[in-house]
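Along the sequence shown, residues are numbered consecutively beginning with 1.
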Amino acid sequence: MSYTRPMSNIGGAPTPRNQFSFSRVKTYFQCPFRYRYRYLKGFNEVFRSIESYLGSIVHDVLEWMYTERDRAESPSLDAALQLLSDRWTSGFTDAITVIRNGDNADSYLVTGREMLERFHRSTFCRDRSQTVALEQRLNHRLSDEIVFTGFADRIGRTETGRLFVVDYKTSKKEGDSSEFSEGLQAPLYAACAMQHHDEAESLAGYHYLRHENTRWQSVDAARARQLLERFHELAAEVYAATEFEPRPGVLCAWCGFNAICPAAEVPASLSGGLDKAREIDDRTPSLFESDSQ
């Protein structure tokens, strides 16, 4: 079977084969084809969704807010909103793409402002917890071949000294208990943080910024072992994989390889990314070339 690949990404490097993040494993189970191109071949996707860009900018501002607070500063809402605007503008590139037809980039910036306003008012101003680390890299060797790695948005301690890990979400919908929603990510980070800080228990939470809601679960030593064992099972399956067939579905619209995928299903209402990929190909005819699987 023959596929094509973006030539502009030759300089990319594959992810080390033995290092598995939550996102890497999740990508494989969502679509092995996308996994192969992103992680094994190391190609960048042709476009980046506006939702992904919004999430990264909001995370940057939240990290700045807690960093300033730890320096005995009291970052105001106005300062946070100005930073959001500045980083949005300075980081915006032609690759950032609105997927849903009828939407526009400005509306996402407005949404970002609304999320920050709610967070600053309802959470940040009332938060008396101690920050232990922001965007901390966590690693845990699961076997000789497989290492779990990830970045925790915020690790802290409550006023009573209880360890917690919180992951900030900018998604439209809150998650559920399934493994690739709330079941694994934050609890895995908590399991690693427990070992790093020599604790027998931790809280793992997801804060949904659009909904002003944090959902917590407790992770004790037994649960931590179960989580790490389960992630090892999933990562080992990915590690051993030899076939990477496409798995078409609604997420095709957000995949930066959809223009070169033989099975992509992109409805007209969600064609922003596909249109961008085709536009780039038209402007740069040599962008794609044959690539055998």
Side-chain angles (χ1 to χ4, degrees), residues 5 9 11-45 48-49 51-52 55-56 59 133-155 165-169 171 175-197 199 202 204-206 217 219-247 249 251-252 254-257 261 293:
R5 67 173 171 82
N9 299 321
T15 303
R17 192 164 182 264
N18 70 328
Q19 293 184 17
F20 286 86
S21 65
F22 173 80
S23 295
R24 178 174 182 169
V25 170
K26 181 178 180 178
T27 299
Y28 174 82
F29 284 99
Q30 288 177 335
C31 181
F33 181 90
R34 188 181 193 183
Y35 169 84
R36 174 177 178 260
Y37 273 76
R38 179 189 289 181
Y39 292 100
L40 300 186
K41 287 186 164 290
F43 296 146
N44 296 322
E45 303 197 17
R48 182 182 185 184
S49 74
E51 292 92 345
S52 171
S56 67
H59 277 73
L134 297 165
E135 292 297 323
Q136 182 173 34
R137 186 182 186 100
L138 299 168
N139 293 287
H140 183 83
R141 180 167 290 281
L142 300 170
S143 67
D144 290 341
E145 298 85 12
I146 296 173
V147 176
F148 167 71
T149 185
F151 286 89
D153 288 346
R154 183 171 180 246
I155 300 175
V165 176
V166 62
D167 194 66
Y168 298 108
K169 299 294 187 183
S171 53
D176 56 39
S177 61
S178 61
E179 287 185 326
F180 293 122
S181 183
E182 293 186 357
L184 274 177
Q185 188 177 18
L188 274 170
Y189 297 161
C192 292
M194 287 162 57
Q195 292 190 353
H196 184 78
H197 296 282
E199 294 283 352
S202 175
Y206 298 90
Q217 51 186 288
V219 179
D220 59 15
R223 178 65 176 150
R225 287 192 297 271
Q226 292 172 354
L227 289 161
L228 291 167
E229 288 171 1
R230 177 54 181 160
F231 187 82
H232 181 244
E233 291 174 357
L234 294 170
E237 182 176 344
V238 179
Y239 184 81
T242 58
E243 296 188 6
F244 305 95
E245 293 299 314
R247 191 168 294 163
L251 293 179
C252 290
W254 281 267
C255 175
F257 303 121
C261 178
Q293 186 178 23

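With rounding to the nearest 0.5 angstrom, the SG atom of Cys252 is 11.5 Å from the CZ atom of Arg247. Here the OG1 atom belonging to Thr27 is positioned 9.5 Å from the CZ atom belonging to Phe180, to the nearest 0.5 angstrom.
Closest approach of Asp167 and Ala186 over heavy atoms only: CB-CB, 4.5 Å. Taking each heavy atom of Trp254 and Ser49 in turn, the nearest pair found is CD1-CB, 3.5 Å.
When side chains are defined from C-beta on, Leu134 does not count as touching Asp153, because their heavy atoms never get closer than 4.5 Å. Counting heavy atoms from C-beta outward, Tyr39 and Tyr28 have side chains that stay 4.5 Å or more apart. Within the 4.5 Å cutoff, the side chain of Arg34 has heavy atoms near those of the Cys255 side chain. Side-chain contact check for Val166 versus Tyr206: every heavy-atom pair is 4.5 Å or farther apart. Arg154 is listed as a side-chain neighbour of Tyr168, based on a closest heavy-atom distance under 4.5 Å. Between Val147 and Leu142 there is no side-chain heavy-atom pair separated by less than 4.5 Å. Residues Ile155 and Val165 meet the side-chain proximity criterion, which asks for heavy atoms closer than 4.5 Å.
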Run the side chain to side chain contact (heavy atoms under 4.5 Å, CB included) test on Tyr35 and Phe29 for me, step by step, so that the C-alpha distance in whole Å, both residues' side-chain angles and the decisive distance to 0.1 Å come before the verdict. CA-CA 9 Å; Tyr35 169 84; Phe29 284 99; over 6 Å; no
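With sequence neighbours left out, the salt bridge (Lys or Arg N to Asp or Glu O under 4.0 Å) criterion links Arg230 to Glu179, Glu233. Applying the salt bridge (Lys or Arg N to Asp or Glu O under 4.0 Å) criterion to Glu229, with sequence neighbours excluded, gives no partner residue. Residues passing the side-chain contact (heavy atoms from CB on, under 4.5 Å) test with Ala240, sequence neighbours excluded: none. Remark: Glu237 engages no residue in a salt bridge (Lys or Arg N to Asp or Glu O under 4.0 Å) (not counting sequence neighbours). The side-chain contact (heavy atoms from CB on, under 4.5 Å) search around Ser21 returns Ser23, Arg24, Thr149, not counting sequence neighbours.
Using bins of under 30°, 30° to 60° and over 60° for the plane-to-plane angle, the ring pair Phe20/Tyr239 lands in the perpendicular bin.
Using a distance-only test at 3.5 Å, with no hydrogens or angles considered, a donor-acceptor pair links the side chain of Gln217 to the main chain of Glu182. Remark: side-chain polar atoms of Arg36 are not paired, donor with acceptor, to backbone N or O of Lys41 under 3.5 angstrom. Between the side chain of Ser181 and the backbone N or O of Asp176, at least one donor-acceptor pair lies under 3.5 Å.
Under the 6.0 Å distance and 45° angle rule, Arg38 does not count as a cation-pi partner of Phe257.
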Taking distance alone, no hydrogens or angles, what donor-acceptor pairs closer than 3.5 Å link side-chain atoms of residues 187-196 to residues at least two apart or in another chain?
unit_1, atom_1, unit_2, atom_2, d
Tyr189, OH, Gln185, NE2, 3.4
Gln195, OE1, His140, ND1, 3.0

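Two rings, from Phe231 and Phe148, have their centers less than 6.0 Å apart.
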